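Please read the structure below before turning to the comments.
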Amino acid sequence: MRRDLANPRLLRVLNERRLLDQLHEHGPASRADLAKSTGLSKPTVSAALAGLEEDGLVHLVGEVSGRPGPVSSLYDMNAASTHVAGIDIGRDWIRVAVADLRGAFAGRTDGRNTARTSTELADLVGELARAAAAEAEVEWRSITCAVVGSPGVYDPVRGGLDFAPNLPGPPGLADRLRTALGVDLVIENDINLAAVGEHAHGAGRGTANFALVSIGTGVGMGIVINGELYVGARGAAGEVSYVPATEQPPGADPVAHDADSFAHGATEAATAAPGVVRAARAAGLELETAREVFAAAADGNETARSVVEAEGRRIGGLLVAVAAVLDPEVIVLSGGVGRNLDLLGASVERRIAELGPLRPKVVASLLGDSGVLLGAVAHAKSRAWDLIFDARRR
């Protein structure tokens, strides 16, 4: 027998984890039901429940009568015993949610991202996080862990963020966030977390293999393979902003475009919201945002429609590349630009048909602006379970 499995404390913790996983997945149950569903003996279930109840991780929630035999007590996990935080740092908005162990939001605060430096950004995140905790009526220092979704790829060795040109400098944001928040902290790419959120709550739910392509201020992709987030050898899987753009928007300045492409990626420079605005202005439209371009197209403006048509073709070309490499069951489009599938869909489909026989299923995100936040909470919840049971092993 393996030495670790002969350790009574480890066996007890494994049994506790098994029971809590069952309660988390299926809700309240009696001792007998838990023994049947987990395959553990009734004495083992009773001992594990007693330890979990003593530490506040499970509690009695009722009784079941009407069956043969004595009345049975119903147990459930005490979701409010531990709280976690999810944080979404966007270029324009910062969103923070404090949630319980089932992922239910207990407090949420959204604020404009007015920071000009990494120090200001870390301080602002800290203020919003504590405001969300206050709304949830918990002390921020009691938060078990927090997960931050940010543009770029976090390098844990160097402690810096790569591929994040839209965030304020100088470097050192990760360290400043750790200082400002003062709790166990994980930093993850925001689009990866959007894919986690979509897998848990949105259009990717129940799908083992899918890709989420976000087109908004920037362009990025989150990949789920066999139900698990895939980030690659160095965390840069899905950085599709650097895929060479097959079509350039009309009127693009080659010199400026080359500089922009190097910093942000060729696909992002052409396809993200600023590229849509540049294309609209080159076509003679005096509009300030991509939102205005799509609104004008929806109102029937023919010039705006031609800009949207060209944008759909660029997106279609990108999705063919994604389908050729990953062959996902579905591609979810998100972001301020990507979610306009009602206007983009026809040109996306035409471009896909022009490029070959691949026909990926393309759908719009169901989560809107909350996808990253929901993914951050889901990730934080999973980490909290690990931290709780690591502590119990010790």
Side-chain angles (χ1 to χ4, degrees), residues 90-93 112-113 151 165-166 190-191 194 203 212-221 240-261 263-322 331-354 362-372:
R91 190 179 76 167
D92 297 322
W93 288 89
R112 285 279 185 184
N113 187 350
N166 292 323
D190 53 354
I191 308 305
L212 177 137
V213 175
S214 176
I215 303 171
T217 303
V219 175
M221 178 170 68
V240 292
S241 62
Y242 295 97
V243 171
T246 56
E247 296 184 47
Q248 301 297 338
D253 180 343
V255 176
H257 187 71
D258 285 347
D260 202 23
S261 297
H264 297 266
T267 286
E268 180 168 309
T271 310
V276 173
V277 173
R278 283 194 296 269
R281 289 179 175 173
L285 294 173
E286 295 298 322
L287 300 175
E288 299 294 325
T289 66
R291 184 191 298 269
E292 292 176 0
V293 176
F294 281 94
D299 288 341
N301 183 293
E302 289 301 325
T303 303
R305 286 190 171 188
S306 69
V307 172
V308 169
E309 166 78 19
E311 173 71 0
R313 291 180 61 81
R314 289 190 288 275
I315 294 173
L318 175 61
L319 299 189
V320 167
V322 170
I331 298 176
V332 179
L333 276 180
S334 71
V337 172
R339 72 171 64 108
N340 292 285
L341 203 54
D342 54 336
L343 295 170
L344 291 164
S347 57
V348 168
E349 289 180 4
R350 281 193 294 270
R351 184 57 175 156
I352 288 173
E354 291 171 4
V362 182
V363 301
S365 168
L366 299 178
L367 303 183
D369 292 332
S370 296
V372 176

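None of these values were measured; they are calculated from a predicted model.
Nearest approach of A304 to A297, heavy atoms of both residues: CB-N, 3.5 Å. When all heavy atoms of D190 and V372 are compared, the closest pair comes out as O-CG2, 3.4 Å. The two residues A283 and V307 come nearest to each other via the heavy atoms CB-CG2, 4.2 Å.
Shown here are the salt bridge (Lys or Arg N to Asp or Glu O under 4.0 Å) partners of E286, two or more places apart in sequence or in another chain: there are none. Take R291 and apply the side-chain hydrogen bond (donor to acceptor under 3.5 Å, both in side chains) test, not counting sequence neighbours, and it matches no residue. Residues satisfying the side-chain contact (heavy atoms from CB on, under 4.5 Å) test with L212, not counting sequence neighbours, are I191, A194, A195, E198, F210, S214, V332, S334.
The list of side-chain hydrogen bond (donor to acceptor under 3.5 Å, both in side chains) pairs with a residue in residues 296-309, not counting sequence neighbours, reads E309-R350.
Looking at T267 and L318, their side chains come closer than 4.5 Å, going by heavy atoms from C-beta outward. Side-chain contact between E311 and T271: present, with at least one pair of heavy atoms (C-beta onward) separated by less than 4.5 Å.
Note that CG of L319 and CZ of R351 are 11.5 Å apart. Values are rounded to the nearest 0.5 Å.
Looking only at distances, a side-chain donor or acceptor of R278 sits under 3.5 Å from a matching main-chain atom of A269.
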N/O donor-acceptor pairs under 3.5 Å from side chains in residues 338-349, not counting sequence neighbours:
from : atom 1 : to   : atom 2 : distance (Å)
R339 : NH2    : D369 : OD1    : 3.0
N340 : ND2    : G336 : O      : 2.8
N340 : ND2    : V337 : O      : 3.1
S347 : OG     : L344 : O      : 3.0

